Amino acid sequence: MLKYFLGSYIVTAAGLIGSYFWGEHVHNGSGLQCAFIALVLGILEVSLSFDNAVVNAMKLEKMTEKWRHRFITWGIAIAVFGMRFLFPILVVSVFAKLSMIEVFKIATTNADKYAHYLHLTHAPIVTFGGMFLMLLFLNYFFNHKKDVHWIKFIEMPLSHLDHIKGIEIIISLLLLLGTQSIVPQEQKFSVLISGISGIITYLTIEGFAHFLEKHEETRMAAYAQKSIAGAGLVSFIYLELIDASFSLDGVLGAFALSKDIIIITIGLSIGAMFVRSLTILLVEKKTLAQFLYLEHGAHWAIGALAGLMLVSTVKEIPEVITGSIGLGFILAAFISSIIHNKKRANLIAEENKNS
């Protein structure tokens with residue numbers, strides 16, 4: 001286990017030390033408090049992201065060793081600096097109509113003002129992530145070729161809905177229109193644009209992935225090599241966008257514990273690193289193959305998270321509820337997988353006995 005989590009332990013130690021010194025720099029005597037908050041944020045991020053790890057593992061299983069390594073190295077840099085620090089500043093800059101430099105100064109010198117701006121942009125941020133994750137959820141279950149079903153009386157009928165071309169887009173747009181109709185008047189346009197952007201982003205990535213998969217089937221070796229490289233890049237971008245969508249709620253919710261963007265970034269980064277280590281563990285131990293319904297549980301958790309994100313545009317959803325629902329689906333799927341494996345083992349043993 002140390003092999004998989006050594007990097008996470010190092011990041012945790014460095015992060016806590018950095019939090020301590022940053023706390024002492026900002027306010028003398030608050031170093032230990034800042035380090036503690038960073039640790040709590042890291043634990044919360046991990047507890048909220050088990051479904052993220054399972055979905056990541058599904059994609060990584062189809063990627064080469066090189067791109068798996070890049071997911072850990074390049075990916076963690078994007079997750080830490082990009083999504084936990086730069087993205088919130090960018091969003092505030094766009095919607096508050098301020099320069100990014102000015103927003104950065106506000107974030108590092110006036111935490112309350114920055115939190116206020118971020119709160120104002122909450123609805124469009126979670127709408128983007130909610131639409132992206134909703135399509136991910138719907139596309140997984142709307143697939144008539146999928147022959148393994150966990151909650152059969154729901155999943156089997158859903159699997160045939162893909163015969164209605166574009167049904168997942170229609171449902172997503174209807175949900176977006178429903179969300180837009182209930183948000184305050186001043187947020188309607190930004191919510192609509194953000195939701196459409198989330199849908200377009202998902203469809204663009206899926207489109208490129210489908211295009212490259214088709215070209216991988218060609219027999220031209222040189223072209224196939226380019227295709228494989230391109231497929232790895234698209235899968236990498238896809239994984240980063242999934243991670244980004246999962247992290248939106250956590251980034252916004254973290255302000256309940258601290259308004260210091262540096263401490264929040266450090267805490268969430270510790271959690272993000274552990275999630276990546278857990279993802280690699282799931283891939284290399286072939287855990288998804290051993291536990292048949294984990295993918296299903298993760299996607300039900302994604303659907304629940306997407307719905308909660310849309311609800312949170314008008315009503316605050318405590319992080320404990322979001323995390324509990326996601327973790328509940330994962331645990332239920334895990335237990336169902338164990339029961340399935342035992343039944344299968346007993347059946348094989350019975351057949352061997354009779355023969």
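Values in this document were obtained by computation on a predicted structure and should not be read as measured data.
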From [X] atom [atom1] to [Y] atom [atom2], the distance as rounded to the nearest 0.5 Å:
X: I182; Y: L177; atom1: CD1; atom2: CG; answer: 12.0 Å
X: S190; Y: F128; atom1: OG; atom2: CZ; answer: 14.0 Å
X: I338; Y: Q290; atom1: CD1; atom2: CD; answer: 10.5 Å
X: I125; Y: L120; atom1: CD1; atom2: CG; answer: 10.5 Å
X: M131; Y: L133; atom1: CE; atom2: CG; answer: 9.5 Å
X: L161; Y: I171; atom1: CG; atom2: CD1; answer: 6.5 Å

Short side-chain to backbone donor-acceptor contact, [X] and [Y], under 3.5 Å:
X: S8; Y: M273; result: yes
X: S324; Y: I321; result: no
X: N139; Y: L135; result: yes
X: N110; Y: I106; result: no

Can you tell if the side chain of [X] reaches within under 4.5 Å of the side chain of [Y], non-hydrogen atoms only?
X: Y117; Y: T121; result: no
X: I43; Y: V46; result: no
X: I196; Y: L176; result: yes
X: E284; Y: Y4; result: yes
X: K146; Y: H296; result: yes
X: L278; Y: F274; result: no
X: I270; Y: L16; result: yes
X: N341; Y: F291; result: yes

Just to verify, what does [X] make a side chain to side chain donor-acceptor pair (under 3.5 Å) with, not counting sequence neighbours?
X: T265; result: none
X: H160; result: none
X: N143; result: none
X: S30; result: none

Of all the heavy-atom pairs spanning [X] and [Y], show the shortest one and how long it is.
X: S99; Y: S93; result: C-OG, 3.7 Å
X: L138; Y: S172; result: CD1-OG, 3.8 Å
X: L292; Y: S337; result: N-OG, 3.4 Å
X: I89; Y: F104; result: CD1-CD1, 4.0 Å
X: V54; Y: L294; result: CG1-O, 3.7 Å
X: I263; Y: C34; result: CD1-CB, 3.6 Å

Not counting sequence neighbours, which residues clear side-chain contact (heavy atoms from CB on, under 4.5 Å) with [X]? List them please.
X: V183; answer: T179, Q187, K188, V191, T313, V314
X: S336; answer: W150, Y293
X: L90; answer: V94, M100

Determine, using the 4.5 Å side-chain heavy-atom cutoff (strictly less than), whether [X] and [Y] are members of one ILVMFWY cluster.
X: L6; Y: L282; answer: yes
X: V148; Y: I335; answer: no
X: I339; Y: I151; answer: no
X: I170; Y: Y140; answer: no
X: V275; Y: L39; answer: no

So the salt bridge (Lys or Arg N to Asp or Glu O under 4.0 Å) pairs with at least one residue in residues 158-177 (sequence neighbours excluded) are none
Applying salt bridge (charged side-chain N to carboxylate O under 4.0 Å, His left out) to E102 and not counting sequence neighbours gives none
Count the heavy atoms belonging to other residues, nucleotides or ligands that lie under 6.0 Å from CD1 of I101, then report whether that count exceeds 12.
-> no
**Request:** For atom CZ of F142, decide whether the heavy atoms of other residues, nucleotides or ligands shown that lie under 6.0 angstrom number more than 12.
**Result:**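 Enclosed: over 12 neighbouring heavy atoms sit under 6.0 Å from CZ of F142.
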Going through the checks in order, is the side-chain contact (heavy atoms from CB on, under 4.5 Å) test met by S19 and I37?
-> CA-CA 9 Å; S19 299; I37 291 173; over 6 Å; no
* Asked: How far apart are the C-alpha atoms of L305 and F137, what are their side-chain angles, what is the distance that settles it, and do they pass the side-chain contact (heavy atoms from CB on, under 4.5 Å) test?
  -> CA-CA 10 Å; L305 175 59; F137 164 74; over 6 Å; no
Side-chain hydrophobic cluster, 4.5 Å single linkage: members besides F189: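 In the cluster with F189 are I193.
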Going by chain and number, the hydrophobic cluster around Y20 (ILVMFWY, side chain to side chain under 4.5 Å) further includes I17, F21, L32
Please list, one pair per line, the donor and acceptor atoms closer than 3.5 Å that link side chains of residues 297-304 to other protein atoms, with sequence neighbours excluded.
unit_1	atom_1	unit_2	atom_2	d
H299	ND1	E295	O	2.9
W300	NE1	E155	OE2	2.9

- [ ] Examine the side chains of T127 and S194 and answer whether a donor and an acceptor come within less than 3.5 Å of each other.
- [x]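 Looking only at side-chain atoms, S194 and T127 do not form any donor-acceptor pair under 3.5 Å.
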Which is it for L281 and T287 under the side-chain contact (heavy atoms from CB on, under 4.5 Å) test, yes or no, and what are the steps along the way?
CA-CA 8 Å; L281 174 66; T287 305; 5.6 Å; no
